[in-house]
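On a predicted model such as this, the values are computed, not experimentally measured, just so you know. A, B, ... follow the sequence lines: proteins, then strands. Residue 1 opens every chain. Hydrogens, waters and symmetry mates are skipped; everything else that's a heavy atom, side chains included, is used.
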Amino acid sequence: MLKTHNCGELRPKDDGMQVVMAGWVHRRRDQGGVIFIDLRDRWGITQIVVNQETAPQAHQTASEVRNEYVIQVKGVVRVRPEGTANPELETGEIEVAAQELEILNRAKTPPFYINKNEKIDEVVRMKYRYLDLRRPQMQRNIVLRHKIVKFIRDYLDERGFVEIETPILFKTTPEGARDFLVPSRLLPGHFYALPQSPQQLKQLLMVAGYERYFQIARCFRDEDLRGDRQPEFTQLDLEMSFVEREDVMDLIEGLMTELTIKVAGKTPRFMPFPRLKYYDALDRYGSDKPDLRYDIEAVDVTDIAGKSAFPVFVNNAAEGKPVRVLRAPGMARELSGTALRRVTEELEQMAKAEGARGLAWMALPANESDEVKGPIGKFFTVEQKAELFERLGAEPGDLLLFMSDTREVVWAVTDRLRRHIAERLGLADPEQIAFCWVIDFPMFHWNEEEQRWDPSQHMFTLPVPEDIPLLDTDPGKARGSQYDLVCNGYEVAGGSIRIHDRAIQEKIFPLIGQTMERAREQFGHMLEAFEYGTPPHGGIASGIDRLAMVLAGEPNIREVIAFPKTQSGADIMAHAPSVPEPSQLEELHIRVVLEPEKKPQP
RNA sequence: GGGGACGUGGUGUAGCGGUUAACAUACUGCCCUGUCAAGGCAGAGAUCGCGGGUUCGAACCCCGUCGUCCCCGCCA
């Protein structure tokens, strides 16, 4: 080894020890006769002191050193002189007095700062990703990700799970996202598909009797990117036999709780995790993946508003449309009349963007004696207002936002305004971790265009046992055994108990517009497998990238992926995707036909 | 497929019809023996993403294009 110690481990107890260290020059401070070098490696930073009098040779070399040079230092650990310790550094109480210093490799001036946390253009970051990844913040993220995966593997191994790899070259699936296709050379005109998830295979592993399977699996979906979505991503995929919904949820809840505490060093806001029914989540938070780091929620006031003199509310209430209120705590307190109007106009624009006709509001005065402000105050009697404020828990300075429309529109507005208020009031703390479960999803959503039911999850999802009879009578009311795990407003896991009973499976297919014949074409291998003794089973899949992002407190999934794609799906560093050689295409029996305006730039 | 924001020395920003294109930092050289965002002095570095247009004159206005990011659609 070219080093005896790393840059994060030396302490005052090591005083006098002879050491060899190597790493990158984080910063150099040249005082003339003495040069300080902050030497950095993956484990931390240690100050190196090079003195002209005691080590003239090393001092000469140190004066040539620049940021990001790779150097090796031989020297002695010593406690820093009185008053020169640096409390910002973990190793700040000691330093290494250099005897010899060698430049192992010089470095060009980096295109951006490695030693500062400054915003950098994404193009530059991605082009020099290897330098971006050298930044301590990124190293922290990537190491955290490793620890998450390691913890998961150990946790599941201890509980009898077996990690089994499944193919990357697999078969296209008709449902779900767009597939990435891979041409077959040996079978001209045939294509593999990269797996969107190992869903089918893990169920087959249950048929195969492994009972407890998991995999840290790479998955691929050819859809447009988002801040929390990449075309290739990593899932914790797992499946268990002889289990019910509670068993899978308990396992994952335990795993996530320990992961948060032991690996991320944070405390989940809720233990145990709250369980929200799908429609309750929508009614209260406007979303099936609510951010529960803050408590703002929509409160139904249809009964009170329906008795007011405000025609819109009265009419809507009569038509069965809800009136719900979001209370933005203290948001009106600091605002003058003009500022308040500007804020409410902005909020109304957002509401309209989500399909609302308008947005009514009341601003509670900071002083009890002043009048309630806002255009609809006059339509409510003093008693009605008192009842409203009581139900909402309203306090002086609060801004109350009234939403009334169809249930769906109110959901969309609730979600949008709730997020906005939280952002404005700084309620979404990236250091907070708030998990919750969402359960009781409807089995199906009505597809108006196709005049049929679409499965909410996938077609092997079992209804909750008591709703099985509804498949025959009222499929829209049937709830699936699906469970989603949500954290800080992101869906971080989702799964279900699967159908292992052929009779139930045969009821599902016609409902979703699948004939048994077509199902056999596409899922014949599955249906056949299920005829050979299938245990009741269920599982879950968790997006590791998203989970790591949330646990790291990062706002974007790219921050926890070593080599991510840009929003257009490109790798700027390696220039992928690229135009292949004609000979490669020929071997694959592929001819590329481009619209004239879409010629690739070589 | 659609909406929005951004693109100015290496990096981060300012400038928004006439400026010698400004500031910070990084970079280069010199000085400096207790710094830690070291400091001081001096210096180099930008045809303002690209193309076209309007104008006496464009970093600035208009159109197009490329790229990045955020969002809708899409996606479990």
**Q** Looking only at non-hydrogen atoms, find the nearest pair between G494(A) and D484(A) and report the distance.
**A** CA-OD1, 3.5 Å
**Q** Is there a side-chain polar atom (N or O) of S568(A) under 4.0 Å from OP1 or OP2 of U68(B)?
**A** yes
**Q** What is the minimum heavy-atom distance between P274(A) and L292(A), and which atoms define it?
**A** CG-CD1, 4.3 Å
**Q** Mark yes or no for a side-chain to base donor-acceptor pair under 3.5 Å between R229(A) and C74(B), with no hydrogen or angle criteria applied.
**A** yes
**Q** Distance between the C1' atoms of G45(B) and G2(B), in whole angstroms?
**A** 42 Å
**Q** Going through the checks in order, is the salt bridge (charged side-chain N to carboxylate O under 4.0 Å, His left out) test met by E554(A) and R546(A)?
**A** CA-CA 10 Å; E554(A) 291 285 2; R546(A) 261 185 216 169; over 6 Å; no
**Q** With rounding to whole Å, what would you report as the distance between U13(B) and G49(B) at their P atoms?
**A** 14 Å
**Q** What's the spacing between K127(A) NZ and D121(A) CG if we round to 0.5 Å?
**A** 11.0 Å
**Q** Counting side-chain heavy atoms from C-beta on, which of U11(B), C36(B), U68(B) comes nearest to I120(A)?
**A** U11(B)
**Q** Identify which one of K202(A), Q199(A), Q215(A) satisfies the side-chain hydrogen bond (donor to acceptor under 3.5 Å, both in side chains) criterion when paired with D237(A).
**A** K202(A)
**Q** For P81(A), report the nucleic acid contact type (base, sugar-phosphate, nothing); a contact means any heavy atom under 4.0 Å.
**A** base
**Q** If you measure only the distance, is there a donor-acceptor pair under 3.5 Å linking the side chains of Q230(A) and D545(A)?
**A** no
**Q** Find the distance between SG (C436(A)) and CG (L485(A)) and round it off to the nearest 0.5 Å.
**A** 7.5 Å
**Q** Take the protein atom CE of M573(A) and the nucleotide atom P of G67(B), then report the distance between them rounded to whole Å.
**A** 19 Å
**Q** Between C1' on C69(B) and CD on Q230(A), what's the gap in Å once rounded to a whole number?
**A** 13 Å
**Q** Under 6.0 Å between the ring centres of F460(A) and F523(A)?
**A** yes
**Q** Sticking with atom P, work out how far A44(B) lies from A21(B), rounded to a whole angstrom.
**A** 15 Å
**Q** Using the C1' atom on both, measure A58(B) against G18(B) and round to a whole Å.
**A** 10 Å
**Q** State the pairing partner of C69(B); accept Watson-Crick or G-U wobble contacts with both distances under 3.5 Å, and report none otherwise.
**A** G4(B)
**Q** Is there a residue in residues 23-32 of chain A whose heavy atoms reach under 4.0 Å of RNA chain B, and which residues are they?
**A** R27(A), R29(A), D30(A), Q31(A), G32(A)
**Q** Between G10(B) and U19(B), how far is it from one P atom to the other, in whole Å?
**A** 23 Å
**Q** Please state whether the rings of F112(A) and Y128(A) are parallel, tilted or perpendicular, taking 30° and 60° as the class boundaries.
**A** perpendicular
**Q** Say you pick atom C1' in U11(B) and the same atom in C48(B); how far apart are they, in whole Å?
**A** 16 Å
**Q** Between protein and nucleic acid, restricted to nucleotides 23-27 of chain B and to nitrogen or oxygen atoms under 3.5 Å apart, what atom pairs and distances do you find?
**A**
unit_1, atom_1, unit_2, atom_2, d
U25(B), O2', Y113(A), OH, 2.5
U25(B), O2', K116(A), NZ, 2.9
U25(B), O2, Y113(A), OH, 3.0
A26(B), O4', Y113(A), OH, 3.1

**Q** For nucleotides 40-45 of chain B, just jot down a letter per nucleotide in 5' to 3' order: B, S or -, based on protein non-hydrogen atoms under 4.0 Å.
**A** ------
**Q** D38(A) CG to A37(B) P: how many Å, rounded?
**A** 9 Å
**Q** Is there a donor in the side chain of S496(A) and an acceptor in the side chain of R498(A), or the other way round, less than 3.5 Å apart?
**A** yes
**Q** Over how many whole Å does the gap from D228(A) atom CG to C71(B) atom C1' extend?
**A** 12 Å
**Q** Among residues 43-57 of chain A, which residues get a heavy atom nearer than 4.0 Å to RNA chain B?
**A** Q47(A), N51(A), E53(A)
**Q** Identify the nucleotide, in any strand shown, that forms a Watson-Crick or G-U wobble pair with A14(B), with both distances under 3.5 Å; if there is none, say none.
**A** none
**Q** Could you check which of C69(B), U68(B), G10(B) has an atom nearest any side-chain atom of Q567(A)?
**A** C69(B)
**Q** Look at the side chain of D224(A) against the base of G73(B) and say whether a donor-acceptor pair falls under 3.5 Å; ignore hydrogens and angles.
**A** yes
**Q** Less than 3.5 Å between a donor and an acceptor, one on the side chain of E122(A) and one on the base of G7(B), is that the case here?
**A** no
**Q** How about E93(A): does its CD atom have over 12 heavy atoms from other parts shown lying under 6.0 Å from it?
**A** no
**Q** Rounded to the nearest 0.5 Å, how far does CG of N67(A) lie from NE2 of H26(A)?
**A** 8.5 Å
**Q** For W437(A) and Y483(A), take the angle between the two ring planes, folded into 0 to 90°, and tell me which bin it lands in: parallel under 30, tilted 30 to 60, perpendicular over 60.
**A** perpendicular
**Q** If I take atom CG from residue L326(A) and atom OH from residue Y285(A), how far apart are they, to the nearest 0.5 angstrom?
**A** 11.5 Å
**Q** Hey, can you pull the residues of residues 542-566 of chain A with a non-hydrogen atom under 4.0 angstrom from RNA chain B?
**A** N556(A), R558(A), T566(A)
**Q** Would you name the heavy atoms of M21(A) and C7(A) that are closest together and state the gap between them?
**A** CE-CA, 3.7 Å
**Q** For atom P, what is the distance between U8(B) and G3(B), given to the nearest Å?
**A** 24 Å
**Q** Side chain of R125(A), base of C69(B): donor and acceptor closer than 3.5 Å?
**A** no
**Q** What integer distance in Å separates R419(A):CZ from C70(B):C1'?
**A** 13 Å
**Q** Atom CD1 of I37(A) and atom CG of L101(A): how far apart are they, to the nearest 0.5 Å?
**A** 5.0 Å
**Q** Round to the nearest Å and state the distance from R416(A) atom CZ to G4(B) atom C1'.
**A** 11 Å
**Q** Without decimals, in angstroms, what is the distance between D121(A) CG and G9(B) P?
**A** 10 Å
**Q** Checking contacts here: which listed nucleotide (U11(B), G34(B), C74(B)) is nearest the side-chain heavy atoms of R226(A)?
**A** C74(B)
**Q** Can you check whether any acceptor in the base of G73(B) is under 3.5 Å from a donor in the side chain of R178(A), or vice versa?
**A** no
**Q** Given atom CD1 of I35(A) and atom P of U35(B), what is their separation to the nearest angstrom?
**A** 16 Å
**Q** Tell me whether F112(A) is stacked on the nucleobase of U11(B), counting only the six-membered base ring and applying the 5.5 Å and 30° thresholds.
**A** no
**Q** Tell me the closest heavy-atom pair linking K565(A) and P231(A), and the distance in Å.
**A** CG-CG, 4.0 Å
**Q** Test of understanding: with salt bridge (charged side-chain N to carboxylate O under 4.0 Å, His left out), list the residues that count as partners of R78(A), not counting sequence neighbours.
**A** E95(A)
**Q** Could you give the distance separating A14(B) and G9(B) at their P atoms, to the nearest angstrom?
**A** 13 Å
**Q** Show the numbers, then the answer: is there a salt bridge (charged side-chain N to carboxylate O under 4.0 Å, His left out) between R245(A) and D440(A)?
**A** CA-CA 11 Å; R245(A) 184 167 82 172; D440(A) 286 354; 3.3 Å; yes
**Q** Contact class for R135(A) (heavy atom, under 4.0 Å): base, sugar-phosphate, or nothing?
**A** nothing
